[in-house]
Amino acid sequence: MTIKQKLENIKYNPLEIEPKWQKYWSENNTFSVEVDKSKPKYYILDMFPYPSGAGLHVGHPEGYTATDIVSRYKRMQGFNVLHPMGWDAFGLPAEQYALKTGTHPAVTTRKNISNFKRQIQSLGFSYDWNREVATCDPDYYHWTQWIFSKLYEKGLAYVDEIPVNWCPELGTVLANEEVIDGKSERGGFDVIRKPMRQWVLKITDYAESLLDGLDDLDWPDSVKEMQRNWIGKSQGAVVKFRVAKNENLADSSLDFEVFTTRPDTLFGATYCVLAPEHQLINKIAKDNQDVQNYVNAAINKSDRQRQEEAKLKTGIFTGAYAINPVNNKEIPIYVADYVLITYGSGAIMAVPAHDQRDWEFAKKYDIEITEVVSGGKIEEEAYTGNGKLVNSDFLNDLEVNTAKEKIISWLVENQLGTEKINYKLRDWLFSRQRYWGEPFPIVNTKDGQKLLDESELPVVLPEIEKYQPTTDGQPPLARATDWLEYTDKETGETYLRETNTMPQWAGSCWYYLRYIDPKNNKEAWDKEKENYWMPVDLYIGGVEHAVLHLLYSRFWHHVLHDLGLVSCREPFKKLVNQGMILGEDNQKMSKSRGNVINPDDIVYKQGADTLRLYEMFMGPLEQVKPWNTKSVGGVHRFLNRSWNLVIDDKGELKTIKDEDIKVKKALHRTIKKVTEELEQLKFNTAIAALMTFCNEANEHGGLSIDSAKTFTLLLSPFAPHLGEELWEKLGNKETLAYVAWPKWEDDLVKLDKITIAVQINGKLKNTIEADAEIEKDALLALAKADEKISSLIEGKQIIKEIVVPKRLVNIVCK
RNA sequence: GCGGGUGUGGUGAAAUUGGUAGACACGCUAGACUUAGGAUCUAGUGCUUCACGGCUUGGGGGUUCGAGUCCCUCCACCCGCACCA
């Protein structure tokens with residue numbers, strides 16, 4: 001052995017000890033778990049990654065380190081911890097790559113998974129790898145298809161010809177949530193509206209349930225609020241309007257419904273507006289070329305265009321009039337694209353005096369504005385506040401809320417309307433015209449669809465040669481000609497299989513359930529195991545999933561709960577969003593800015609423990625924070641000092657017999673601090689406490705072997721490789737993963753001498769040392785006896801004396 | 001426009017929830033030591049002043065013996081939604 005090699009064994013050498021312990025954990029199955037009813041369970045979940053070709057970025061280890069620390073801590077506290085990892089492996093990039101190169105997405109995905117796994121394992125996370133799942137694996141999507149069957153049987157999945165967000169560049173439709181500012185979320189390509197045959201899931205049936213469930217969740221308020229807004233419940237009424245007869249319009253039976261949250265303002269409705277897609281237009285203005293032109297122009301606009309032109313408030317009079325049911329006044333019917341066909345009934349009653357949008361439109365087209373709620377200046381802007389009703393016949397003098405109640409009962413009595421709740425939430429567009437996704441367990445018959453029997457699952461994704469859509473615009477699966485034809489076993493009839501596939505969200509909707517029983521080939525999960533492990537106790541991931549994954553998952557889980565297939569209503573009890581890590585230039589990390597930090601580089605140079613510790617030390621987990629390479633060196637030095645605190649430069653233990661009592665006391669304060677901070681996921685201050693202890697121990701001559709052991713245990717969730725190595729050097733043969741978490745003794749946490757602040761008139765003048773348990777009077781006397789203080793109060797009149805035990809003395813005088 | 005959040009040294013941040021503002025780090029300054037390594041050690045470091053002292057948590061006001069923390073008000077920035085009637 002050369003001197004250099006020898007030195008490396010002696011000094012803190014993460015590059016050597018980290019692979020050593022990773023191997024140990026893997027060979028000993030240290031972190032594999034089973035149901036054990038003698039122990040309390042704790043389920044800690046990470047949002048599993050999409051294994052992209054770019055590999056891990058520093059954002060991944062942030063959340064993963066946090067959950068790993070909690071997992072290790074909980075294990076040491078005697079919890080049976082389920083902490084799994086897997087792959088969200090269906091997805092667009094692998095398919096895009098296949099389109100370009102012809103490489104099968106499965107090949108690309110497998111390669112990326114193995115790279116991701118290598119990187120994740122190099123960070124020493126304590127996952128139970130026996131539970132690894134990949135959503136693109138037939139053994140997995142078998143059960144995704146099975147859950148779809150359950151939804152279908154329950155009437156929650158249907159086919160509809162609906163206008164969808166079509167992205168020509170990606171060759172697929174997108175869900176509303178996947179469209180940002182009229183562009184695709186992935187790639188930023190243009191999205192247009194186009195009617196197409198699509199699978200849709202009736203998430204709207206669960207709007208109320210999803211809203212209700214939010215209240216008791218331990219989630220960030222911002223996420224709960226985003227979901228509430230997305231569901232967008234509003235209470236109001238539908239009102240039926242008849243269309244007035246005139247010379248062009250003989251049909252007297254025409255009518256339409258509007259939705260309003262302000263039925264109290266019905267007397268102020270001076271016109272109505274139909275969305276350009278509204279079917280009534282063709283009945284009242286079929287031959288009006290101007291109207292038809294307007295409608296066509298509006299329909300052909302992309303969503304982006306419509307958004308950009310939103311302020312313009314364009315519209316056109318149809319020539320027809322509606323009859324306001326409360327006063328039989330004839331009011332003009334307009335078509336305008338500020339009214340959306342997708343919300344309510346696609347038609348509104350416009351009350352320009354009390355709705356800003358209607359106000360702007362009325363001003364532009366010179367329509368009457370009638371005030372019906374007093375209190376505003378309607379010549380200047382719409383008044384949406386409270387007040388007394390005016391110009392409203394039987395509603396006059398009522399407040400808005402009472403007027404609402406009264407008008408609704410009037411509408412009901414006269415069969416002109418009802419109370420109604422509307423949601424912004426739309427049904428979930430569930431099909432994609434792609435190859436790399438779960439096939440539907442569905443065949444198309446002459447008169448609809450037929451669900452395949454459970455025994456025919458999984459419907460395995462067939463091999464195809466090309467991944468493009470067919471020339472006649474069918475999804476790529478239409479190219480799998482052998483697969484496409486399906487012969488019904490009972491009837492002998494031949495049907496065509498569904499060629500759409502499911503969206504990427506399908507697999508991630510329920511992966512946390514599969515982890516519970518990942519190898520079960522009889523059912524999706526065992527009921528008893530589910531009952532033991534669920535719900536997820538702690539779920540950490542990025543805020544970008546606030547309304548997508550987290551709403552879809554909850555939806556499926558609620559359905560599964562209603563079917564009696566899971567034991568709890570809400571899957572994720574506590575949710576934490578880790579904040580994004582920015583580049584050193586305070587900008588979002590991106591290749592084009594050249595500010596990307598690769599975790600591999602840190603692991604190879606300073607070690608995984610350093611990376612883990614640094615990411616936790618940067619600041620609060622939830623906060624957005626910039627990377628700082630210099631600071632990485634700071635935590636690396638701390639790990640070095642920790643090593644040197646226990647190991648001397650010959651590689652031998654340097655623990656001492658007679659440890660300073662100060663060190664022991666500092667240690668117990670540290671146990672308390674670290675434990676309390678871990679409970680609150682305040683990793684940055686927990687690490688600061690460990691640093692403080694390390695500094696104090698160095699100052700006061702070092703550690704006894706018992707203290708060294710305790711310190712090692714405290715450090716181990718954060719820096720597990722260093723922890724295990726020191727633990728071994730301290731004479732232990734087995735992993736520290738299940739050694740009991742240290743407890744502090746209250747007596748040792750107490751300080752005997754305390755520094756007390758002495759203020760005069762609220763300003764700090766001096767500090768004094770006092771016994772921790774000193775009486776109030778004695779403390780005051782001590783403060784007054786202080787040389788500096790006594791000289792300052794001499795000859796002054798003392799008005800008030802405040803003594804706060806263990807904190808301060810404040811003398812008020814003049 | 002609506003909703004959520006954040007403003008503390010040169011930088012990342014901390015503050016027992018109304019009680020010594022700036023813990024712990026980074027950076028910087030000076031020094032020590034070295035077979036030069038992302039070394040290590042020692043001292044200093046909010047601003048201001050020669051000093052005694054004074055000032056300081058985005059600005060202004062208030063409550064209190066005492067406010068980063070509570071109340072009012074204004075300002076700046078970040079995130080989400082956005083013609084949802």
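Treat the numbers as computed from the prediction; the structure is a model and nothing was measured. Reckoned from all heavy atoms, side chains included, excluding hydrogens, waters and symmetry mates.
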Between B/rC24, B/rG80, B/rA85, which one does the side chain of A/Thr692 approach most closely?
B/rC24
In the structure shown, which nucleotide is the Watson-Crick or G-U wobble counterpart of B/rA76, with both distances under 3.5 Å?
B/rU6
Is A/Glu676 salt-bridged to A/Lys672, cutoff N-O under 4.0 Å?
yes
Both A/Thr767 and A/Ile341 contact RNA chain B. Which one's nearest nucleotide lies toward the 5' end?
A/Thr767
Whole angstrom is fine here: how far is it from CD in A/Glu544 over to P in B/rC81?
12 Å
What's the closest nucleotide to the A/Asp337 side chain, out of B/rA85, B/rG3, B/rC83?
B/rC83
In Watson-Crick or G-U wobble terms, both distances under 3.5 Å, what is the partner of B/rA32?
B/rU40
Using a strict cut-off of less than 4.0 Å between a Lys/Arg side-chain nitrogen and an Asp/Glu carboxylate oxygen, indicate whether A/Lys625 and A/Glu62 qualify as a salt bridge.
yes
Any non-hydrogen side-chain atom of A/Leu210 less than 4.5 Å from a side-chain atom of A/Ile203?
yes
Separation between the C1' atoms of B/rC78 and B/rA67, rounded to whole Å:
26 Å
Answer with base, sugar-phosphate or nothing: what part of the nucleic acid does A/Lys588 contact at a heavy-atom distance below 4.0 Å?
nothing
Between B/rA85 and B/rU8 - C1' atom distance, rounded Å
45 Å
B/rC81 C1' sits how many Å from A/Arg228 CZ, rounded?
15 Å
How is A/Val812 classified with respect to the nucleic acid when contacts are heavy atoms under 4.0 Å: base, sugar-phosphate, or nothing?
sugar-phosphate
Testing B/rA85, B/rC81, B/rU16 for proximity to the side chain of A/Phe259, the answer is B/rA85
A quick test of your reading: do over 12 heavy atoms of other residues, nucleotides or ligands sit less than 6.0 Å from NZ of A/Lys665?
yes
Gap between atoms CD1 and P, on A/Ile802 and B/rC65 respectively (whole Å):
7 Å
Check the phosphate of B/rA23 against A/Thr685, side-chain N and O only, distance under 4.0 Å to OP1 or OP2. Yes or no?
no
Whether the A/Glu584 and A/Thr629 side chains hold a donor-acceptor pair (N or O, under 3.5 Å, no angle test) is what I'd like checked.
yes
Starting from P on B/rG80, measure out to CG on A/Leu551 and report it in whole angstrom.
18 Å
Distance in angstrom units between A/Leu613 CG and B/rC26 P, rounded:
12 Å
B/rC65 - base-pair partner by Watson-Crick or wobble geometry, distances under 3.5 Å
B/rG19
Salt-bridge criterion met for A/Glu360 and A/Lys364 (N-O under 4.0 Å)
no
Base B/rU40 to side chain A/Arg641, donor-acceptor N/O within 3.5 Å cut-off:
no
Assess whether a salt bridge exists between A/Glu699 and A/Lys662, defined as any Lys/Arg side-chain N lying under 4.0 Å from an Asp/Glu carboxylate O.
no
Rounded distance (Å) that lies between atom P of B/rG18 and atom CG of A/Leu808:
15 Å
I'd like to know if A/Lys784 pairs up with A/Glu801 as an ion pair, taking the criterion as any Lys NZ or Arg NE/NH1/NH2 lying under 4.0 Å from an Asp or Glu carboxylate oxygen.
yes
Watson-Crick or G-U wobble mate for B/rC81, both contacts under 3.5 Å:
B/rG1
So what does A/Val339 hit on the nucleic acid, given a heavy-atom distance under 4.0 Å: a base, only sugar-phosphate, or nothing?
base
Each nucleotide N or O in nucleotides 28-39 of chain B that has a protein N or O under 3.5 Å away: list the pair and distance.
from: B/rG38; atom 1: O6; to: A/Lys605; atom 2: NZ; distance (Å): 3.3

Salt bridge check, A/Lys650 against A/Asp648: does any charged N sit closer than 4.0 Å to a carboxylate O?
no
Anti versus syn assignment for B/rG4, with syn defined as within 90° of 0:
anti
Between the protein and nucleotides 9-13 of chain B, list every N/O to N/O distance that falls short of 3.5 Å.
from: B/rG12; atom 1: O2'; to: A/Met618; atom 2: O; distance (Å): 2.5
from: B/rA13; atom 1: OP1; to: A/Gln623; atom 2: NE2; distance (Å): 2.3
from: B/rA13; atom 1: O5'; to: A/Gln623; atom 2: NE2; distance (Å): 3.3

Gap between atoms CE and P, on A/Met691 and B/rA25 respectively (whole Å)
6 Å
Taking atom C1' in both B/rC55 and B/rA39, what distance in whole Å separates the two?
40 Å
Are A/Lys753 and A/Asp771 close enough for a salt bridge, meaning some N to O gap below 4.0 Å?
yes
Please check the phosphate of B/rG54 (OP1 and OP2 only) for any side-chain N or O of A/Lys765 closer than 4.0 Å.
yes
Quick one: label A/Gly634 by what it contacts on the DNA or RNA (base, sugar-phosphate, nothing), any heavy atom closer than 4.0 Å.
sugar-phosphate
Report yes if at least one side-chain N or O of A/Lys763 is closer than 4.0 Å to OP1 or OP2 of B/rC55; otherwise report no.
yes
Is any side-chain N of the basic residue among A/Arg228 and A/Glu225 closer than 4.0 Å to the acidic one's carboxylate O?
yes
Does A/Glu257 pair with A/Lys240 as a salt bridge, N-O distance under 4.0 Å?
no
Provide the distance between the two C1' atoms, one in B/rG19 and one in B/rG27, to the nearest whole Å.
32 Å
Rounding to an integer number of angstrom, what distance separates B/rU69 and B/rU20 when you compare their P atoms?
14 Å
How would you label the contact of A/Thr342 with the nucleic acid (heavy atoms, under 4.0 Å): base, sugar-phosphate, or nothing?
nothing
Between A/Asp355 and A/Ala757, whichever has its closest RNA chain B nucleotide further toward 5' is A/Ala757
P spacing across the pair B/rG12 / B/rU56, given as an integer number of angstrom
23 Å
Expressed in whole Å, how much space separates the C1' atoms belonging to B/rA82 and B/rG4?
14 Å
Applying a 3.5 Å limit to both distances, which nucleotide forms a Watson-Crick or G-U wobble pair with B/rU45?
B/rG27
Distance between the P atoms of B/rA21 and B/rC75, in whole angstroms?
31 Å
Syn versus anti for B/rU17, judged by chi lying within 90° of 0?
syn
Nucleotide B/rC65, atom P - distance to CD1 of A/Ile760 in whole Å:
17 Å
I'd like to know if the side chain of A/Tyr338 pairs up with that of A/Thr314 as donor and acceptor (distance under 3.5 Å, no hydrogens or angles considered).
no
